[in-house]
Amino acid sequence: MALSMEPKSFSQISITIFLFFFHFFLVSSSQEEITVGHGYEVESVSRDLSGNWLAAELTVVEKSSVFGDDIQNLNIVASYETKDRLRVRITDSDHERWEVPQHVIPRKPTPETKRLVSQSKPETQSFFHHTSDLNFTIHATSPFRFTVSRRSTGDILFDTLPRLVFKDRYLEITSSLPLGKSNLYGLGEHTKEALRLVPNDTFTLWNTDIASANLDLNLYGSHPFYMDVRSSPAGTTHGVLLLNSNGMDVLYGGDYITYKVIGGILDFYFFAGPTPLEVVDQYTQLIGRPTPMPYWSFGFHQCKYGYKNLADLEGVVEGYAKADIPLEVMWTDIDYMDAYKDFTLDPINFPADKMKIFVDNIHKNGQKYVVIIDPGINTNMSYPTFLRGLKDDIFLKWNGSNYLGKVWPGPVYFPDFFNPTAHKFWANEISIFRETLPIDGLWIDMNEISNFVDPPMLNSLDDPPYKINNSGVFRPISNKTAPVSAIHYGNITEYDAHNLFGFLESMATNYALINDTGKRPFVLTRSTFVGSGKYAAHWTGDNFATWNDLAYSIPSILDFGLFGIPMVGADICGFGGNTTEELCRRWIQLGAFYPFARDHSSIDTIRQELYLWESVAASARKALGLRYCLLPYFYTLMYGAHMSGAPIARPLFFSFPQDLTSYDIHTQFLIGNGIMVSPVLSPGKVTVNAYFPKGRWFNMFDYSQSVYNENGKFMTLDAPEDTINVHVNGGNIIPMQRAEKTTELARKSGFELLVVFNEARSAYGELYLDDGDSVQMAGDRADWSLVRFEGEIFEEREIRVRSNVVNGGYGLGERLVVEKVVFLGLDFELRISGVVINGNYSNAKVEYEKKGEFGVLEVQGFTQLIGEEFEIKVDIEVAS
């Protein structure tokens, strides 16, 4: 939903633009030409006798008053929290400073450095734990610096320049990077043309309501984390997190990275990797594993800001059914509310009694219903939600009273989610509302916080000495949000905690839905911070219906996989502006393979439901048909994400880190390890130039079309108007089910295993199953299943696939069966002698056909319980 702005005249807009850019010139010029600080020197060094940490006391070399006075004494502590994670924390030695609270992101406490230590003179010292590949060195130069290196290769990962700056509201630190060897990804949230970060760019982190259609501006979330994939040794990867919630500019110059932060502390975490998947595993182990999503959330979703009434919603549901297009979840934007007030229903257009019947009916059809809520609570004395919030005193404070902002319903107060009572209030309001309308999930928007008015300045917090590049024009940080001088529960300033609001609302909403439904919650949030994936999914915000936005959606979605938020998608067909038939057709072909697939558009645009154009409907049936076949695969990837942080949608370099060409690919992506999506991203095109890493690749729509190469190459592929190129890679086993109109129906069908052999004539895969909505995934109870598969061609005499059942409980309880196996990648001619299942000859139907360069073998006409271990073997003879 876009931020509403009062209309302005052309002359007003011109003056505003002039003033912004005049201010931009003055501020950027003044901030770049000054010496801010002179660094620190080491006073003393101490070590833990057990070798877990090293600490040093630092003192400022020479004071500077630019951006405030230097803090005289600092303390730096390097500690190994795990064998793969090194923490380096720098803060004021004499006074406690703001840092992300423990209850927000639970983590190990800072080591107590005053006991069980050996002290030494201030000299250069290296420090490592015998189990870790990371080495920390403090250089007792004047000014001091520190380095983090990799023990196994000697590669320097982080190498600070000797000019650390540490003031009350300005911190600056720079690390050099090996030019031409270092490849950075992350530092969000921004819309970018490419996935790999481009040198000479500034990444501002300050959560704000700016349409994601805007390139290179700070958007809704803040993620001061990057992944560095080194080209030598090829693919060696590490990660770096600066855990700090204050606003910042991060300057990336190719051979350096500089952090300019307006508060808090410098709390760095280094993740050893050495592969991209291992880095994300190590990162999410710290910040929190992604929350499991309900099975139904992997179906197709439909929304629009501007649905007029209940009849409109009913018409959309009917339109999808008539067009034979899957529709899993119907959504409603703020239109359903009474005067845009949370937890209310418009009594005329969306009356409660008829809405309840509507939701009950779609539930009977196996479909779901989700609505939006915003954080602002209208200050209407006849509004029960407001009165309860007022009584509980849960609102954000400013200048001695509740802060009064303005959003869709008019004047509002904002809940303060640092206040434990606010969580109870929020849960109670959700519960009361669900008694009226049994919604299945919640969409939390406008939670940066977005505000339609600019608060006046109250004190020095509202005007920090260093101006971050907010909105690309150094906009004051209180503009269009809550005043940074506002006070949260516990005397926490909005200045420090601004970027945490959406995170805390996600947490509160997640817990509220669990408590009210007893089921796995679905929460979609716009604003995010480090660790938000522990509570919510994300969509990329207000994009536009343009071909550029279609292309930009891929880097944006891949970024959030790195950030530990794997359930992510962009508004299919575009939110702002009028889409076209061709654009919407190509967008649903791509969007069908987003982890979160939702069509959504703004109130001032044409309708874009997928059934409105026959060509779009045909593309939707084809692309979503494959998605629904792949639901078991998507859901198993969700299990992997929950257990290890592994993204669902991944850059190509995740699976091919030694392929240097893959580092620059941002127009294609992988679903898990096995499936590659190569969309058309330009108008009028019926071919696509796709990059294929080494190996065998088979077209998922036509197994006779394959690509094989030994080194990686670009290929021009046919891409007819109704088709997207989706390929499966050799070496993978993909679990599938029949495509149906809802996930509920699809889950009841038999399984097919697609066994795709690589050059070594082997393949591997796994399948996770449960009821799809229990709060825990793979919890203590036995009602889930995990089955691993292995396929091989044995001495050109047998083609076989076998299973290893880790837990068979759910599969056995539901009597779920495998009904079909398809083997791809057979690189020799063969004759079939027979089929053996679990040691017994079977009369299963077997078909073999040479399709293109490889043979395809299908076995069907049998039923095998998936919760029991099995072996399916096809005896063959090599044809002469």
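Remember, it's a predicted structure, so these values are computed and weren't measured experimentally.
In summary, the side chains of Trp331 and His301 do present a donor paired with an acceptor at a separation below 3.5 Å, with no hydrogens or angles considered. For the 3.5 Å distance criterion, the side chains of Asn218 and Ser471 fail to qualify, holding no donor opposite an acceptor. Judged by distance alone, the side chains of Tyr466 and Asp249 do bring a donor and an acceptor atom under 3.5 Å apart. Side chain to side chain, Ser450 and Asp209 meet the donor-acceptor criterion of an N or O pair below 3.5 Å. Lys534 and Thr291 share no donor-acceptor pair across their side chains, judged by distance under 3.5 Å alone. If you check the side chains of Asp549 and Thr546, you find a donor sitting under 3.5 Å from an acceptor. Residues Glu494 and His488 have side chains that bring a donor and an acceptor to within less than 3.5 angstrom of each other. Asn543 and Ser212 form no side-chain donor-acceptor contact under 3.5 Å, judged by distance and modelled atom types alone. Of the N and O atoms on the side chains of Asn349 and Asp346, at least one donor lies less than 3.5 Å from an acceptor on the other residue. Counted by atom type alone, His666 and Glu193 present zero donor-acceptor pairs between their side chains at under 3.5 Å. If you check the side chains of Asp267 and Asn244, you find no donor sitting under 3.5 Å from an acceptor.
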Can you check ring pair (Phe, Tyr, Trp, His ring centres under 6.0 Å) on Tyr552 and Phe544, steps first, answer last? CA-CA 11 Å; Tyr552 301 156; Phe544 276 31; over 10 Å; no
Criterion side-chain contact (heavy atoms from CB on, under 4.5 Å) on Tyr403 and Lys397, from CA distance to verdict: CA-CA 5 Å; Tyr403 171 67; Lys397 309 301 180 188; over 6 Å; no
With side-chain contact (heavy atoms from CB on, under 4.5 Å) as the criterion, how do His600 and Asp333 come out once you've worked through the C-alpha distance, each side chain's angles and the decisive distance to 0.1 Å? CA-CA 10 Å; His600 181 44; Asp333 209 310; 3.4 Å; yes
Run the numbers on Phe343 and Trp426 for ring pair (Phe, Tyr, Trp, His ring centres under 6.0 Å), then give the verdict. CA-CA 10 Å; Phe343 310 115; Trp426 197 246; 5.4 Å; yes
From CA spacing to verdict: side-chain contact (heavy atoms from CB on, under 4.5 Å), Ile439, Val370: CA-CA 6 Å; Ile439 54 170; Val370 174; over 6 Å; no
Before you tell me yes or no, could you show the steps for Asp374 and Arg526 under salt bridge (charged side-chain N to carboxylate O under 4.0 Å, His left out), namely the whole-Å CA-CA distance, both residues' side-chain angles and the distance that decides it to 0.1 Å? CA-CA 10 Å; Asp374 295 333; Arg526 189 169 73 178; over 6 Å; no
Any chance you could lay out the salt bridge (charged side-chain N to carboxylate O under 4.0 Å, His left out) test for Arg598 and Asp571, step after step, and finish with the verdict? CA-CA 6 Å; Arg598 183 185 68 163; Asp571 286 342; 3.0 Å; yes
Using ring pair (Phe, Tyr, Trp, His ring centres under 6.0 Å), reason through Phe414 and Phe395 one step at a time and then give a plain yes or no. CA-CA 5 Å; Phe414 297 104; Phe395 296 115; 9.0 Å; no
Given Tyr511 and His423, is the ring pair (Phe, Tyr, Trp, His ring centres under 6.0 Å) satisfied, shown in steps? CA-CA 9 Å; Tyr511 290 159; His423 286 242; 7.4 Å; no
Chi angles and distances behind the side-chain contact (heavy atoms from CB on, under 4.5 Å) call for Lys304, Thr605: CA-CA 10 Å; Lys304 181 177 177 62; Thr605 64; 3.1 Å; yes
Working note: Glu99 + Arg89, criterion salt bridge (charged side-chain N to carboxylate O under 4.0 Å, His left out); need CA distance, chi angles, decisive distance, verdict. CA-CA 11 Å; Glu99 54 188 300; Arg89 182 176 184 270; 2.5 Å; yes
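A ring pair (Phe, Tyr, Trp, His ring centres under 6.0 Å) with Tyr413 holds for exactly one of Phe386, Phe425, Tyr383; it is Phe386. Of the candidates Asp463, Thr493, Asn399, Asp462, Asp462 is the only one forming a side-chain hydrogen bond (donor to acceptor under 3.5 Å, both in side chains) with Ser485. Exactly one residue among Arg388, Lys341, Arg434 makes a salt bridge (charged side-chain N to carboxylate O under 4.0 Å, His left out) with Glu429. That residue is Arg388.
Considering all non-hydrogen atoms of both residues, Ala339 and Pro409 come closest at O-CB, 3.5 Å. Residues Trp587 and Ala545 come closest through the heavy atom pair CZ3-CA, 4.3 Å.
The backbone N or O of Phe529 lies less than 3.5 Å from a partner atom in the side chain of Ser532, making a donor-acceptor pair. Between the side chain of Asp201 and the backbone N or O of Gly253 there is no donor-acceptor pair closer than 3.5 Å. Between the Ser602 side chain and the Gly576 main chain, no donor and acceptor come within less than 3.5 Å of each other.
Between Lys63 and Asp70 there is no salt bridge, since no side-chain N of the basic residue sits under 4.0 Å from a carboxylate O of the acidic one. Residues Arg97 and Asp168 are paired through a salt bridge, judged by an N-O separation under 4.0 Å between the basic side chain and the carboxylate.
Residues passing the disulfide (SG to SG under 2.5 Å) test with Cys573, sequence neighbours excluded: Cys584. Remark: Asp216 engages Lys192 in a side-chain hydrogen bond (donor to acceptor under 3.5 Å, both in side chains) (not counting sequence neighbours).
Contact of the Leu251 side chain with the Ile257 side chain is not registered, since no non-hydrogen atoms from C-beta on lie closer than 4.5 Å.
Relative orientation of the His223 and Phe563 rings is parallel, given thresholds of 30° and 60° on the angle between their planes. The aromatic rings of Phe418 and Trp98 stand perpendicular to each other, their planes meeting at an angle above 60°, with 30° marking the opposite boundary. Under the 30°/60° scheme for interplanar angles, the aromatic rings of Tyr336 and Phe433 are found to be tilted.
Separation of the Phe268 and Tyr259 ring centroids falls under the 6.0 Å cut-off. Ring-centre distance between Tyr535 and Phe503: below the 6.0 Å cut-off. Checked against a 6.0 Å centroid threshold, the rings of Phe203 and Tyr252 do not count as neighbours.
Taking the ring axis of Trp206 as reference, the NZ or CZ atom of Arg475 does not stay both within 45° of it and closer than 6.0 Å to the ring centre.
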